[in-house]
Engineer: 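I have a structure I would like to understand better, so I am pasting it below and will then ask my questions one at a time.
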2 protein chains.
Amino acid sequence: MITIKEVARHAGVSMSTVSYVLSGKRSISEETKRRVEQSIVALGYHPNAGARALASSRSHVLGLIVPLRSDHNMPVIMQFVSSIVASARDYDYDVLLLTKEAGPGEAHRVTARSMADAIIVMDVESADPRVPELREVDAPVVLLGVPDDHQGLNCVDLDFATAGRQMAAHLADLGHRSIALIGSPPAVYERGTSYAARLLAGFQHETGQRNLPASVHSCAADYESVSACLDDVLHSDRGTTGLVVHNEAVLGPLLLELRRRSLEVPADLSVITLCPDDVAQNLAVPLTSIAIPAEELGAIAVEMVTARLEREQAPEVRLLQPRLTNRGSTSAR
Amino acid sequence: MITIKEVARHAGVSMSTVSYVLSGKRSISEETKRRVEQSIVALGYHPNAGARALASSRSHVLGLIVPLRSDHNMPVIMQFVSSIVASARDYDYDVLLLTKEAGPGEAHRVTARSMADAIIVMDVESADPRVPELREVDAPVVLLGVPDDHQGLNCVDLDFATAGRQMAAHLADLGHRSIALIGSPPAVYERGTSYAARLLAGFQHETGQRNLPASVHSCAADYESVSACLDDVLHSDRGTTGLVVHNEAVLGPLLLELRRRSLEVPADLSVITLCPDDVAQNLAVPLTSIAIPAEELGAIAVEMVTARLEREQAPEVRLLQPRLTNRGSTSAR
DNA sequence: CGCCAAAATCGAAGCGCTTCGAACATCGAT
DNA sequence: ATCGATGTTCGAAGCGCTTCGATTTTGGCG
């Protein structure tokens, strides 16, 4: 193993000089810097992470708690993970993979051992049992999602309430007089997934304000449930002409079933949804949608956590404003 | 920060004694062990990972290279990841998340810096460009998948060739005289995903041996492609009565379309597939299938890698024998 | 009762790096 | 020539742990 000592000898300088060339924490003459860098390449030197961590008390590792067996949407979760890992590398951090399933205490374990400098937590629920312990962690923590009690914690999320409001408003502005929301299966609401509840609240707030009749439906992803749900939504008494869908898994079967019933989108039914852009884009009928900006949310989480590693900062909740893309699946009535 | 020194003082022993209590590498009297353990709890001691890694030259971390943006099956990938992380923890290892997208050299980077003791590589292709560099990594490496040239590398995978043979044989034994294989979209074969090719080879080997007419179809996951593919498969000239499906994403639309055409499984068409058990189980029609044993494969990979960390061992390719579960979706003819 | 091997414990030397104060060199201003 | 000020480099002290040889304790046995 090549050590910094050998690099120093090869370049004819002291160890500390090599260290400063690497870290840039003190000024080094161009000439010396060049020589050192050449030696590093010539010898194939790679700094030892353990030694570095020990001496600097910084592991340059971020702990990421991921729901690996969750029922919901793996692809979206992957988008988050992917963006977090990429952003972390931009800041010169690596990512330690922790699972939600491994239970609480993981955040504490890795920070107490100085395996990670900070923690990012995915898939946060309204009444997330991990919250109290996360609050005790002696390192920066950022949650992706907003628990009910987020006192003293950093959170990043899409503004789902506004998203719900916007989607309802979008349909209302187009003249729809009766609209429906298809959400997640009951289990998701029972579990207290905060985003589902927040979107619902925004939706109902807007329809309430406008005095619009609005029905809300919980729906599972299988074909039968979708069909049954659609029967309910389209029940003639309602006169529903606009549909908000907040359930990615339902989209495919839904469009299929609409076609089977010879209902055109948007001629017979306007549909707007909230899902990742690439999903909305690639459906049988591309749908007007509000994006789940996984990429940005992940990047922001990393940025927050690294910022707090640099300097103390008060906890903060950051809600990303929704972005609506029109793909022609809604029309005036 | 509580250090081993303070634990030693609190327990009235030397640092080394505490260390030996923790590692079990030398015998310690029951009495002393108890005292030390009490002190550890009392003080809330957590060993510093960096210091430990530096002194022992073992990070107790496994690097895992995951395809985070791949087109294919996220849920299956997650099953692998999940099982690997869980197994790793069983052996007291943590997992550093590396992405396939970050490019080659990641394995070298983390091992050269002693951030990870060994590497597990997912989503390996037939002619995987990473293979040469992985061979150079100075640490145990295990690939999940078998590249064409696996000289000197450890590999773990399902025996897809045997799986292909078994599925063909299963249908043939039931008296089917003409069978078809629905595989992945062309892109997957072009990319040289080794498992697809190996299954195909096994399938053709078996049908060849038995002199069975057999057609092979490449198929994308969208409804239109499935329908078109089915037209082709069921073309009356073929007289196809048995179907092997090696494409998880196609299963849902396929069964839907069969029902639409009023074709019963297995009365009109016997169907057997290769996919995770829980998927086969929960389809509209539960399917007889060969499992993708993600759980076991992940566990084996971890076991191999840790074994090679203990003692030098010759590289090895381990192919898991397929396990077929009958769910009644095939019948005699 | 003394001896010796085995068991238990200690002390100290690193592991490879960062960081701080000090030393040295350079140079424009006095 | 002299003096700071500024820029550059060095030396050494740790960071918290593991590990190895040495030392002490124990207990069985002649």
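All values reported here derive from a predicted model rather than from experimental measurement. Chain letters run A, B, ... following the sequence lines, proteins first, then strands; residues in each count from 1.
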Engineer: Distance only, no hydrogens: is a donor on one side chain within 3.5 Å (strictly under) of an acceptor on the other, for B:S16 and B:S19?
Structural biologist: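 Per modelled atom types, B:S16 and B:S19 side chains form no pair under 3.5 Å.
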Engineer: Quiz question: by atom type and distance under 3.5 Å, do the side chains of A:Q321 and A:D159 form a donor-acceptor pair?
Structural biologist: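 Yes, because at least one side-chain N or O of A:Q321 sits under 3.5 Å from a partner of the opposite role on A:D159.
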Engineer: Contact class for A:T3 vs. all strands (heavy atom < 4.0 Å): base, sugar-phosphate, or nothing?
Structural biologist: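 Result for A:T3 = sugar-phosphate.
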Engineer: For A:H46 and for B:S27, find the nucleotide of DNA chain C with the closest heavy atom, then tell me which residue's nucleotide is more 5'.
Structural biologist: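 With A:H46 and B:S27 compared, the 5'-side residue is B:S27.
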Engineer: Pick from A:E6, A:H10, A:R34: which one makes a side chain to side chain donor-acceptor pair (under 3.5 Å) with A:S39?
Structural biologist: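 Single pass found, and it is A:H10.
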Engineer: Within the 4.0 Å heavy-atom criterion, would you say B:S23 contacts the bases, only the backbone, or no part of the nucleic acid?
Structural biologist: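 Since no nucleic acid heavy atom lies under 4.0 Å of B:S23, the category is nothing.
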Engineer: Can you work out whether B:R26 or B:L54 has the more 5'-proximal nearest nucleotide on DNA chain C?
Structural biologist: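 In this pair, the answer is B:R26.
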Engineer: Do you see a donor-acceptor pair shorter than 3.5 Å between the side chains of A:R308 and A:N154?
Structural biologist: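 A:N154 and A:R308 do have a side-chain donor-acceptor pair below 3.5 Å.
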Engineer: Tell me which of B:L22 and A:E31 sits closer to the 5' end of DNA chain D, going by the nucleotide each one is nearest to.
Structural biologist: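 First, find each residue's nearest nucleotide; the 5'-ward one identifies A:E31.
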Engineer: Is B:S29 touching bases, backbone alone, or none of the nucleic acid, heavy atoms closer than 4.0 Å?
Structural biologist: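 The answer is sugar-phosphate, as B:S29 gets under 4.0 Å only of primed atoms, P, OP1 or OP2.
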Engineer: Heavy-atom count check: over 12 atoms from other residues, nucleotides or ligands less than 6.0 Å from A:E31 CD?
Structural biologist: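 Buried by this count: over 12 neighbours within 6.0 Å.
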Engineer: With heavy-atom distances below 4.5 Å as the criterion, would you say the side chains of B:L62 and B:I119 are in contact?
Structural biologist: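 The answer is no, as the side chains (C-beta and beyond) never meet within the 4.5 Å cut-off.
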Engineer: How long is the line joining CZ of B:R34 and C1' of C:dA8, in whole Å?
Structural biologist: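 For the pair B:R34 CZ and C:dA8 C1', the rounded distance is 16 Å.
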Engineer: Starting at atom OH of B:Y20, determine the distance to atom C1' of C:dC10, rounded to an integer number of angstrom.
Structural biologist: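 After rounding, the gap between these two atoms is 10 Å.
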Engineer: Walking along DNA chain D from 5' to 3', note the first and the last nucleotide with an atom under 4.0 Å from a heavy atom of chain B, and give both.
Structural biologist: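 Endpoints of the contacted stretch of DNA chain D: D:dG16 to D:dA22.
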